[in-house]
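Take a look at the structure set out below.
The model shown is predicted, which means the values in this text are computed figures rather than measured ones.
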Amino acid sequence: MLLESLILARESHVSPESSEAIVLRGVDFSETSRIVTFLSPMRGRLACMAQGVKRPKSQLAALLDTFNRVELVYYWKDGRSVQRLSEASLLDGYPAIKRDLEKAAFAAFPLEIASKVAHENEPSAELYAALARGLDSLGGWNGSVRTHVCWQALQLLSASGFEPSLGACVDCGSDVDRAPGFAYRGGVTCPQCAPDRRLSEEGFKALCALVASRERCPAAPGDEAFDVVRRYAAHQLMAPFQSVRVLDQMFSPAGNSGK
Ligand SMILES: [Zn+2]
């Protein structure tokens, strides 16, 4: 098998590479193939053609389910946007997320952020670590799911250069410490500068705690913070979020989040 791979690599001027990766999404390409997009620490957003994956007996299909953390072998060729997948093995399928409808639905939001902020062929170790840490933690989380995905979203935004300003007014730079305004163009605002909304004292403290806690999700009220972060992310990334549209259809708006 190894010899076969090496011969193939030499013949077609491609190099086999292996990497850990998380499945961001997949789209059908042909009767038998899918293009699967991963986040990988070394290559950033990585699209691979998974040939034969739609055949009934393909063992790859289950491995390439969204959210899965996998070990990949693929053939890398500079300059092409879709690489060829060779093998995959499962590292973690996050069953505790997938069997919980609310967690699975909300987890699609940080996953969509990761796919929007990641770039092709750009080392993304910090972003990858934040995504993996968030998925690891969500499975066993017993608190508000909104709080948890808000924390995940803020950690991904921070890891990719989109951390909101929470200490100084985004317009004039003056210190802000109590229940400020918030502007989606960058963060908190002082009383003299124009906000898009007001933050409650509780909401402001929750946002600060969620940004500051890098390793684990803190206990914090999530409804206001989630509402701020979903709008902030859409404004910063200049993109509507399909996952948030689905959440609005499935769950009642903030204020009645269940768990
Ligand atoms: Zn100001």
Side-chain angles (χ1 to χ4, degrees), residues 1-2 4-30 32-54 60-61 63-94 107-136 152-163 214 233-243:
M1 185 64 205
L2 183 61
E4 222 175 80
S5 301
L6 289 172
I7 290 168
L8 190 63
R10 180 178 290 176
E11 280 176 356
S12 51
H13 309 287
V14 296
S15 327
E17 284 185 0
S18 63
S19 174
E20 191 176 311
I22 292 169
V23 180
L24 297 176
R25 62 173 184 270
V27 291
D28 289 345
F29 177 76
S30 69
T32 56
S33 301
R34 278 170 75 76
I35 295 175
V36 182
T37 303
F38 304 90
L39 182 68
S40 78
M42 186 171 64
R43 296 287 186 185
R45 197 174 64 219
L46 172 68
C48 289
M49 180 68 71
Q51 287 169 323
V53 73
K54 291 172 68 188
L60 263 184
L63 296 179
L64 299 179
D65 200 10
T66 310
F67 301 126
N68 283 0
R69 194 161 59 85
V70 291
E71 182 72 25
L72 296 179
V73 180
Y74 54 91
Y75 293 102
W76 176 267
K77 187 176 182 183
D78 282 332
R80 68 178 175 189
S81 58
V82 179
Q83 308 299 333
R84 191 155 57 83
L85 184 66
S86 170
E87 297 168 34
S89 55
L90 188 66
L91 297 174
D92 199 334
Y94 300 108
F109 175 52
L111 211 67
E112 197 176 356
I113 290 180
S115 87
K116 288 187 196 307
V117 298
H119 296 285
E120 282 177 26
N121 198 14
E122 182 176 292
S124 304
E126 197 187 341
L127 182 67
Y128 183 82
L131 183 62
R133 199 157 50 229
L135 287 169
D136 285 346
Q152 289 175 266
L154 284 165
Q155 295 308 314
L156 294 169
L157 290 166
S158 297
S160 51
F162 293 99
E163 181 173 329
R214 299 284 180 209
H235 189 281
Q236 291 294 314
L237 304 175
M238 292 180 288
F241 278 80
Q242 174 64 27
S243 55

Would you say the side-chain atoms of Q152 pair up with the backbone N or O of P110, donor to acceptor, closer than 3.5 Å?
no

Whether the side chain of R69 engages the backbone of D92 through a donor-acceptor N/O pair (distance < 3.5 Å, no angle test) should be reported.
no

Using side-chain hydrogen bond (donor to acceptor under 3.5 Å, both in side chains) as the criterion, list what pairs up with Q242, not counting sequence neighbours.
R245

Just by distance, do the side chain of K54 and the backbone of S30 share a donor-acceptor pair under 3.5 Å?
yes

Checking the side chain of S124 only, and the main-chain atoms of L127 only, is there a donor and an acceptor separated by less than 3.5 Å?
no

Under a 3.5 Å distance rule, please check whether R25 uses its side chain to pair with a backbone N or O of T37 as donor and acceptor.
no

Identified side-chain hydrogen bond (donor to acceptor under 3.5 Å, both in side chains) counterpart of Y74 within the set R84, E17, Q83:
E17

Once side-chain hydrogen bond (donor to acceptor under 3.5 Å, both in side chains) is applied, do any residues pair with E120, and if so which ones, sequence neighbours excluded?
none

Restricting to side-chain contact (heavy atoms from CB on, under 4.5 Å), what partner residues turn up for E71, sequence neighbours left out?
S18, E20, S89, L91

Of the options L46, V36, L111, which is the one that meets L24 in a side chain to side chain contact (heavy atoms under 4.5 Å, CB included)?
L111

Should we say atom CZ of F29 is surrounded by more than 12 heavy atoms from elsewhere, each under 6.0 Å from it?
no

Least distance between heavy atoms, M49 atom then S33 atom
SD-CB, 3.8 Å

